[in-house]
Enquirer: 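Below you will find the structure I want to go over with you.
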2 protein chains.
Amino acid sequence: MYDDLKKRAVDLAKTASSSDIIFDALRDAIISGNMKAGESIRQENIAKIFNVSRIPVREALKKLESQGLVKNERYKGAIVSSLSDAEFKEIYEIRLLLEPTVVRYAAQNISKEALEIARACCEEFSTETDSAKWGELNRKFHEALYMGANRPFHLKIINEASDRIDSYIRAQLVLTDGMTKARKEHMEILEACEKGDGDRAAALTRQHIEDSYNSLMEFMGNNSSKLA
Amino acid sequence: MYDDLKKRAVDLAKTASSSDIIFDALRDAIISGNMKAGESIRQENIAKIFNVSRIPVREALKKLESQGLVKNERYKGAIVSSLSDAEFKEIYEIRLLLEPTVVRYAAQNISKEALEIARACCEEFSTETDSAKWGELNRKFHEALYMGANRPFHLKIINEASDRIDSYIRAQLVLTDGMTKARKEHMEILEACEKGDGDRAAALTRQHIEDSYNSLMEFMGNNSSKLA
DNA sequence: ATATTGAATATTGTATCCAATATGCAATAT
DNA sequence: ATATTGCATATTGGATACAATATTCAATAT
């Protein structure tokens, strides 16, 4: 019954609210580097852009704040968060703890279909010439792979940590020749997963993250200490 | 100038907003187990309790949702989140990754004063007879120690993960003899930190978390597989 | 000229109100 | 009796209105 209707079914109950949409848009703007650290965010301005009142904007800002992407000060407003050198390094320490572990789970558990999605993401990352898309494709590849681990909480932590440094990574990918190395490393990690070699995938992921940190340190002219 | 006034200075700009206060109260109610998983949260009811409109309540709920403590469904409302067995285990996997690492940093970096605070917390945990306070004191001890690591992002992740399972831990501490073991293990971890023995502190912390998981599994009559 | 004060403006936090949706129940049809 | 529909009520999402605080800047005092 209703066979034809069911084909066009969408879960209308799960459509995004205004505040969800605004959250996504602000998050994108921040992690892409379009909105810079320290930049102030006026509720009224955002509300005008999306043709809504300040209420959904405020809810979006609350969520961004609890993920650390913006800082709110009572009666003063919100600004895009910045990262100190120590905080920057700490984000990488967290990635280094979680991502190799998760990729090991993924290598062991990932389904054939999920692997194919990851491979598609990897190839898109390797062939895309529009540098504006590299950052997003980079994240997509990692997420596609990590999805196979079946560890939603780990993934949430990784995603929120990655958000904090994404603008730096994007700049480094575009402004240096970081893409060459990243493409090669992605391919190797993917292949290890395809072979079900969790140890190798984990080791490569660890190396990939360390390389990313070192490249960024060099790019930013910062001779900070090595990752633990 | 103003010497006497400065003695009574408080940073009024940092006083909590209504939504902050409501967030804290709801969080306490949830992690204490006072509000049970699946229980619905009516905005209007909470608003009445705090004598405010629904607006600050909604902002508190947004923050609770982004930390996973409640689930919101559009036009239906919020309920206290539950944890599947797999999710429960995953929280422990995360603790097992982060806490031994953090306690190692703490053993190496913690200041004399911070150690004394941790010791005070440890002793309070050991001597408190009011079982209703055990859960909070348990968290306080761990946090006091971890503060010494100077890793605010790690700490935030640990705290949010711990929030998700705190109601179970409190029940287990009160309804079994878990306190005996916990008190002994806390003391040993603290002593390792006092000696600056990071490896030992990390190993003990790992054991402490595994013990906690196993006790809880037994307590809940769940023969789930061991932690990785 | 510099510092201080006070008013005007801007911005945020919250209350109140309205619209959209969900829920429960009575009325009706089968 | 059961299923379906329509209505009344409850609840949430968001708009508007207002109060609290911050910021800016002119006016005044030193």
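Chain naming here is simple, since letters A, B, ... match the order of the sequence lines and numbering starts at 1 in each. Bear in mind that the values here come from a model prediction, so they are computed numbers and not experimental data.
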Enquirer: Is the closest basic N to carboxylate O distance between Asp166(A) and Arg170(A) below 4.0 Å?
Expert: yes
Enquirer: In whole Å, what is the span from the NZ atom of Lys48(A) to the P atom of dA10(C)?
Expert: 10 Å
Enquirer: Starting from C1' on dA22(D), measure out to CG on Leu12(B) and report it in whole angstrom.
Expert: 14 Å
Enquirer: Sugar-phosphate atoms are those with a prime plus P, OP1 and OP2; base atoms are the rest. Using that split, label each nucleotide of nucleotides 4-16 of chain D B, S or - for protein heavy atoms under 4.0 Å, 5' to 3'.
Expert: -------SBBBBB
Enquirer: Is there any protein nitrogen or oxygen under 3.5 Å from a nitrogen or oxygen in nucleotides 4-9 of chain C, and what are the pairs?
Expert:
none

Enquirer: For the pair Glu160(B) and Lys156(B), find out whether any cationic side-chain nitrogen is under 4.0 Å from an anionic carboxylate oxygen.
Expert: yes
Enquirer: Does this structure show an ion pair linking Glu65(A) with Lys71(A), if we count only N-O contacts that are shorter than 4.0 Å?
Expert: no
Enquirer: To the nearest 0.5 Å, what is the distance between NE2 on His186(B) and CD1 on Ile189(B)?
Expert: 6.0 Å
Enquirer: Any side-chain heavy-atom pair from His142(B) and His208(B) closer than 4.5 angstrom?
Expert: yes
Enquirer: With rounding to the nearest 0.5 Å, note down the distance linking CD1 in Ile158(A) to CG in Leu97(A).
Expert: 10.5 Å
Enquirer: In whole Å, what is the span from the NZ atom of Lys14(A) to the P atom of dT21(C)?
Expert: 17 Å
Enquirer: From Asn72(A) CG over to Leu64(A) CG, what is the distance, rounded to the nearest 0.5 angstrom?
Expert: 9.0 Å
Enquirer: Nearest 0.5 angstrom please: Ser81(B) OG to Glu39(B) CD, how far?
Expert: 12.5 Å
